[in-house]
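See below for the structure under consideration.
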Amino acid sequence: MSALSSQATRALIESNAREASDLVGELTLLLDRAGDRSEEIAAARMVTRRLSDRLAQATMLERLSGAGALRPDAWSPIDLVEELEHEAVALAGSRIDVRVRAPELVPQYWFFDRELVSMTLAGALHSALIHAERAIELEFGMRDGLFGFSIADDSGCFPDALIDAAAARIERGELNGNALGVHFARLVAAAHVNAGREGRVELVNRGDGPGTRFTLWLP
């Protein structure tokens, strides 16, 4: 049997990735229909969300590495946060209080790639839900001309190596767990450029008690 060409191999990889994503979607629907009948069901739902996050990010990495990777348009930040809130409430049930904080004045629209930003924030949300004890907070607003989406939990701690973007060892395959999601978020942030300013990811260990805050800043 002759070896597959690189084009055929890539097509097979992409086909397998799509099939896996479809299967995860089917499993997610089945678990959602099962409701919160037990802690095991709730935990399984979170695992499927995280698996879906990784598959979606993997399929997006090739787009991020190519020319014209970013597809920005004018989107409503409020609509995006409302979608995150609905997802959080559906997954948290009565176990975790989901809070939304927003300033009185906020732009109705901001230019960004909605698919990439939504994917990034969903991954951060799922991570926060896993670590939260009693509550998570979704927040958005302006700082120094940048628009920020924040997700905070009330437990856990970011390690110094994760906060320091320069410490990531990508080539040696040392990224795993939350580090994979954070690296993807940094790629998405850096792809957003406006008037010479790049987006960025801010990771903070909360000073008012245990917990972390993830913020995606977009120019």
Quick check for you: to the nearest 0.5 Å, what is the distance between [X] atom [atom1] and [Y] atom [atom2]?
| X | Y | atom1 | atom2 | value |
| --- | --- | --- | --- | --- |
| L84 | H126 | CG | NE2 | 8.5 Å |
| L218 | N194 | CG | CG | 10.5 Å |
| L203 | F214 | CG | CZ | 7.0 Å |
| L187 | H183 | CG | NE2 | 4.0 Å |
| Q108 | W75 | CD | CH2 | 15.5 Å |
| D79 | S118 | CG | OG | 11.5 Å |

How about [X] and [Y]: do any of their side-chain heavy atoms sit closer than 4.5 Å?
| X | Y | answer |
| --- | --- | --- |
| V89 | H86 | no |
| P103 | M142 | no |
| L80 | R114 | yes |
| F140 | I78 | yes |

Would you say [Y] ends up clustered with [X] if hydrophobic residues are merged whenever their side chains have heavy atoms under 4.5 Å apart, either directly or through other cluster members?
| X | Y | result |
| --- | --- | --- |
| V106 | I151 | yes |
| L121 | V201 | yes |
| L91 | V81 | yes |
| L138 | F112 | yes |

Taking all non-hydrogen atoms of both residues into account, name the closest pair between [X] and [Y] and its distance.
| X | Y | result |
| --- | --- | --- |
| R186 | I163 | NH2-O, 3.2 Å |
| A152 | R206 | CB-NH1, 3.8 Å |
| F158 | L162 | CD2-CD2, 3.9 Å |
| L216 | A185 | CD1-O, 4.2 Å |
| L116 | V188 | CB-CG1, 3.9 Å |
| A128 | I136 | O-CG2, 4.1 Å |

Looking only at atom types and distance, does a side-chain atom of [X] sit under 3.5 Å from a main-chain N or O of [Y], one as donor and one as acceptor?
| X | Y | value |
| --- | --- | --- |
| D113 | L70 | no |
| D154 | A135 | yes |
| D97 | R134 | no |

Check: What do you reckon, is CZ of F111 surrounded by more than 12 foreign heavy atoms closer than 6.0 Å?
Finding: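 Atom CZ in F111 is not packed in, count stays at 12 or less.
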Check: Should the ring pair F147 and W110 be called parallel, tilted or perpendicular, given that the plane angle runs from 0 to 90° and is split at 30 and 60?
Finding: tilted
Note to self: Using side-chain contact (heavy atoms from CB on, under 4.5 Å), reason through M60 and M119 one step at a time and then give a plain yes or no.
What the structure shows: CA-CA 10 Å; M60 280 295 167; M119 192 179 296; 3.5 Å; yes
Next item on the list: Write out all pairs satisfying side-chain hydrogen bond (donor to acceptor under 3.5 Å, both in side chains) with one or both partners inside residues 210-219, taking only residues at least two apart or from two chains.
Entry: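 Qualifying pairs, neighbours excluded: E139-R213, S150-T215, D153-T212, E202-W217.
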Margin query: Test side-chain contact (heavy atoms from CB on, under 4.5 Å) on L125 and E87; report intermediate values, then the result.
Written below: CA-CA 9 Å; L125 171 65; E87 169 81 349; 3.8 Å; yes
Next item on the list: Start with the C-alpha distance between R200 and L146, add both sets of side-chain angles, then the distance that settles side-chain contact (heavy atoms from CB on, under 4.5 Å), and finish with yes or no.
Entry: CA-CA 10 Å; R200 61 186 177 86; L146 299 178; 4.2 Å; yes
